[in-house]
Amino acid sequence: MEPKILQELFDESGWSTIYEKHQYKLWLTGIDDELSEEMLRAYFDAYSYEDAEAICFDELLIQLKTFKYIYEKNDLKLYPW
């Protein structure tokens, strides 16, 4: 996924501070290449962080990969697009 699209998705969901804090690490791990736009939108709807500044990257990555695995195995198409 393009970094610009990834940033827009984080901004739309209100997670811009998390993206700004971890954007380099997201790029470095290559996780952004594995994500689809619809899966990421579903992830943002499913998860909520009370304190965005306190979340560490490892926690974010584990939750994202776990959600991605469940999403793909269960074929969770929450959005028609």
Side-chain angles (χ1 to χ4, degrees):
M1 182 181 309
E2 296 282 328
K4 184 177 180 180
I5 295 172
L6 189 62
Q7 182 179 6
E8 288 174 1
L9 289 173
F10 271 86
D11 289 344
E12 288 173 6
S13 65
W15 289 31
S16 57
T17 56
I18 292 176
Y19 181 77
E20 290 171 9
K21 183 177 178 182
H22 301 298
Q23 72 184 46
Y24 178 72
K25 295 173 190 171
L26 286 168
W27 172 79
L28 193 61
T29 60
I31 189 73
D32 56 336
D33 295 333
E34 303 173 11
L35 304 175
S36 70
E37 188 173 330
E38 68 180 34
M39 193 281 309
L40 201 55
R41 287 182 190 271
Y43 173 75
F44 291 144
D45 285 344
Y47 281 85
S48 174
Y49 295 105
E50 297 295 322
D51 189 10
E53 291 295 321
I55 187 169
C56 69
F57 180 71
D58 293 337
E59 182 181 357
L60 175 68
L61 188 61
I62 288 170
Q63 290 174 349
L64 189 57
K65 284 189 172 198
T66 302
F67 185 83
K68 179 182 177 289
Y69 178 80
I70 293 168
Y71 184 85
E72 290 173 351
K73 291 296 180 186
N74 292 320
D75 195 28
L76 299 173
K77 302 298 180 196
L78 302 176
Y79 298 102
W81 58 83

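Remember, predicted model here, so these are calculated numbers, not experimental data.
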Spacing of [atom1] belonging to [X] relative to [atom2] belonging to [Y], to within rounding of 0.5 Å:
{"X": "T17", "Y": "D11", "atom1": "OG1", "atom2": "CG", "answer": "9.5 Å"}
{"X": "L9", "Y": "D32", "atom1": "CG", "atom2": "CG", "answer": "11.5 Å"}
{"X": "E20", "Y": "Q7", "atom1": "CD", "atom2": "CD", "answer": "7.5 Å"}

With side chain to side chain contact (heavy atoms under 4.5 Å, CB included) as the criterion, how do L61 and K25 come out once you've worked through the C-alpha distance, each side chain's angles and the decisive distance to 0.1 Å?
CA-CA 10 Å; L61 188 61; K25 295 173 190 171; over 6 Å; no
Between Y19 and F10, how do the two ring planes meet: parallel, tilted or perpendicular, split at 30° and 60°?
tilted
Membership question, hydrophobic clusters at under 4.5 Å side-chain separation (ILVMFWY): are L28 and I5 in the same one?
no
Transitively linked via ILVMFWY side-chain contacts under 4.5 Å: M1 with W27?
no
Counting N and O atoms only, with roles assigned by atom type, does the side chain of H22 sit under 3.5 Å from a partner on the main chain of I55, one being a donor and the other an acceptor?
yes
Centre-to-centre under 6.0 Å for W15 and Y47, is that the case here?
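No, they do not, as the ring centres are separated by 6.0 Å or more.
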Would you mind writing out the side-chain donor-acceptor pairs for residues 62-70 within the sub-3.5 Å range, not counting sequence neighbours?
{"residue": "Q63", "atom": "OE1", "partner": "Y49", "partner atom": "OH", "Å": "2.0"}
{"residue": "T66", "atom": "OG1", "partner": "I62", "partner atom": "O", "Å": "2.7"}
{"residue": "K68", "atom": "NZ", "partner": "E72", "partner atom": "OE1", "Å": "3.4"}
{"residue": "K68", "atom": "NZ", "partner": "E72", "partner atom": "OE2", "Å": "3.1"}

I'd like to check Y43 versus L35 (side-chain heavy atoms, cut-off strictly below 4.5 Å). Are they in contact?
no
Excluding sequence neighbours, so at least two apart, what forms salt bridge (charged side-chain N to carboxylate O under 4.0 Å, His left out) with E12?
R41
